Amino acid sequence: MGNIEKKAILYFRNKVINWGKVNYVDYPWRLTDNIWHSIVAEIMLQRTKADQVIPVYKDFCEKYSSPQEFQNSLDFNENNIFSSLGLNWRNEILRSTTNYLVINGIPDNRIDFIKVPGIGDYVSSAVLSFHLGQRALLIDSNIVRLYCRYWGFEYNNESRRKRWLRELSDQLTPYKNVKQYNYSVLDFGMAICLPKPRCNSCPLKKKCSYFKNSIL
Ligand code: SF4
């Protein structure tokens with residue numbers, strides 16, 4: 001895709017960041033400086049609502065401060081960490097992730113992060129940008145929907161895997177304040193640009209392609 005005008009990028013970014021400043025939610029995994037806990041949180045949050053994850057996450061963090069502690073526990077081989085969250089296949093993922101981290105240590109860069117079993121592009125970007133102060137492109141289904149609607153690109157199940165989407169995300173993601181931008185755009189996609197979008201309360205509507213087409 002071609003380059004978007006700098007002015008248009010800044011408009012989008014500033015609107016999203018300003019919305020995020022007012023609507024930021026300080027979930028416990030956002031406040032931790034324990035990278036192991038932040039990885040566990042991202043695995044717990046996959047396809048699960050944040051409010052459901054909070055008690056399970058807090059309980060886990062109180063018991064296990066490191067992959068080693070978890071690996072040595074009775075919980076490690078019993079499939080009960082995710083029992084209240086459903087999606088029990090995540091027990092196996094967490095075990096594989098834990099085993100790898102015990103042997104190799106916790107990574108501090110993208111190349112090493114994506115070698116960790118159970119950690120894909122999204123989790124590695126989330127941990128790098130939220131907890132390690134590194135610029136990383138955050139791309140999940142809510143963010144893709146927001147980007148495609150606003151900028152007027154095709155949106156379907158395949159959009160997130162397209163090169164142009166990554167290039168768009170790269171242009172929109174700032175080099176400074178990446179943590180703030182990524183939190184804001186993530187929450188914005190979940191709260192405003194929903195599958196049934198809340199356009200009337202959206203600060204982006206003046207310049208949003210989807211909104212402009214919907215009122216024609
Ligand atoms: S105006 Fe509507 S479609 Fe456009 S970004 Fe806002 S919520 Fe999404």
Side-chain angles (χ1 to χ4, degrees), residues 1-30 41-42 44-54 87 120-131 133-216:
M1 68 169 297
N3 285 344
I4 301 173
E5 245 185 77
K6 183 100 185 145
K7 206 169 126 192
I9 291 173
L10 289 178
Y11 178 88
F12 178 87
R13 258 189 217 156
N14 290 339
K15 288 282 181 194
V16 169
I17 286 175
N18 287 338
W19 179 92
K21 281 181 191 162
V22 177
N23 293 282
Y24 175 80
V25 184
D26 55 355
Y27 293 115
W29 48 86
R30 292 186 173 184
E42 293 301 336
M44 289 182 174
L45 285 164
Q46 284 170 21
R47 299 196 222 166
T48 310
K49 288 194 165 46
D51 289 347
Q52 282 176 275
V53 170
I54 291 173
L87 303 171
D121 185 61
Y122 176 82
V123 175
S124 93
S125 286
V127 177
L128 287 167
S129 63
F130 296 150
H131 300 282
Q134 295 180 33
R135 182 175 184 267
L137 309 181
L138 200 64
I139 297 174
D140 79 347
S141 56
N142 296 320
I143 295 172
V144 173
R145 187 174 57 239
L146 163 65
Y147 283 173
C148 289
R149 281 177 176 162
Y150 181 86
W151 296 100
F153 292 112
E154 184 189 0
Y155 169 62
N156 57 39
N157 289 340
E158 289 306 305
S159 302
R160 66 186 297 170
R161 281 177 266 283
K162 302 286 185 191
R163 197 160 122 191
W164 57 261
L165 192 281
R166 215 168 167 81
E167 289 170 0
L168 175 62
S169 173
D170 193 26
Q171 292 192 56
L172 298 175
T173 305
Y175 282 81
K176 284 185 185 170
N177 301 328
V178 68
K179 174 175 167 178
Q180 189 180 30
Y181 175 79
N182 277 358
Y183 272 139
S184 300
V185 79
L186 178 68
D187 291 349
F188 195 99
M190 282 193 289
I192 301 291
C193 200
L194 294 155
K196 196 173 171 193
R198 295 181 174 154
C199 300
N200 286 333
S201 51
C202 177
L204 292 170
K205 69 181 174 192
K206 201 170 133 199
K207 300 204 175 179
C208 171
S209 300
Y210 179 97
F211 183 70
K212 282 188 213 158
N213 288 334
S214 72
I215 55 174
L216 286 179

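Every number for a ligand or one of its atoms is a count from 1 in the order of the listing. Bear in mind that the values here come from a model prediction, so they are computed numbers and not experimental data.
- In this structure, Arg198 has no side chain to side chain donor-acceptor pair (under 3.5 Å) partners at least two apart in sequence or on a different chain.
- Tested against Arg135, the residues Asn177, Asn182, Asp170 include a single side-chain hydrogen bond (donor to acceptor under 3.5 Å, both in side chains) partner, Asp170.
- Neighbours of atom 4 (Fe) of ligand 1 restricted to protein N, O or S atoms under 2.8 Å: the count is 1.
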Expected list for residues 148-157: side-chain donor-acceptor pairs under 3.5 angstrom, two or more places apart:
{"from": "Arg149", "atom 1": "NH1", "to": "Leu194", "atom 2": "O", "distance (Å)": "2.7"}
{"from": "Arg149", "atom 1": "NH2", "to": "Leu194", "atom 2": "O", "distance (Å)": "3.3"}
{"from": "Arg149", "atom 1": "NH2", "to": "Pro195", "atom 2": "O", "distance (Å)": "2.8"}
{"from": "Glu154", "atom 1": "OE2", "to": "Asn156", "atom 2": "ND2", "distance (Å)": "3.0"}
{"from": "Asn156", "atom 1": "OD1", "to": "Glu158", "atom 2": "N", "distance (Å)": "2.8"}
{"from": "Asn156", "atom 1": "OD1", "to": "Ser159", "atom 2": "N", "distance (Å)": "3.1"}
{"from": "Asn156", "atom 1": "OD1", "to": "Ser159", "atom 2": "OG", "distance (Å)": "3.4"}

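- Judged as a ring-ring contact (aromatic ring centres under 6.0 Å, His included), and not counting sequence neighbours, the contacts of Tyr27 are Trp29.
- In this structure a side-chain-to-backbone donor-acceptor pair under 3.5 Å is present from Arg13 to Leu172.
- Distance check: Ser184 OG to Asn23 CG gives 9.0 Å after rounding to the nearest 0.5 Å.
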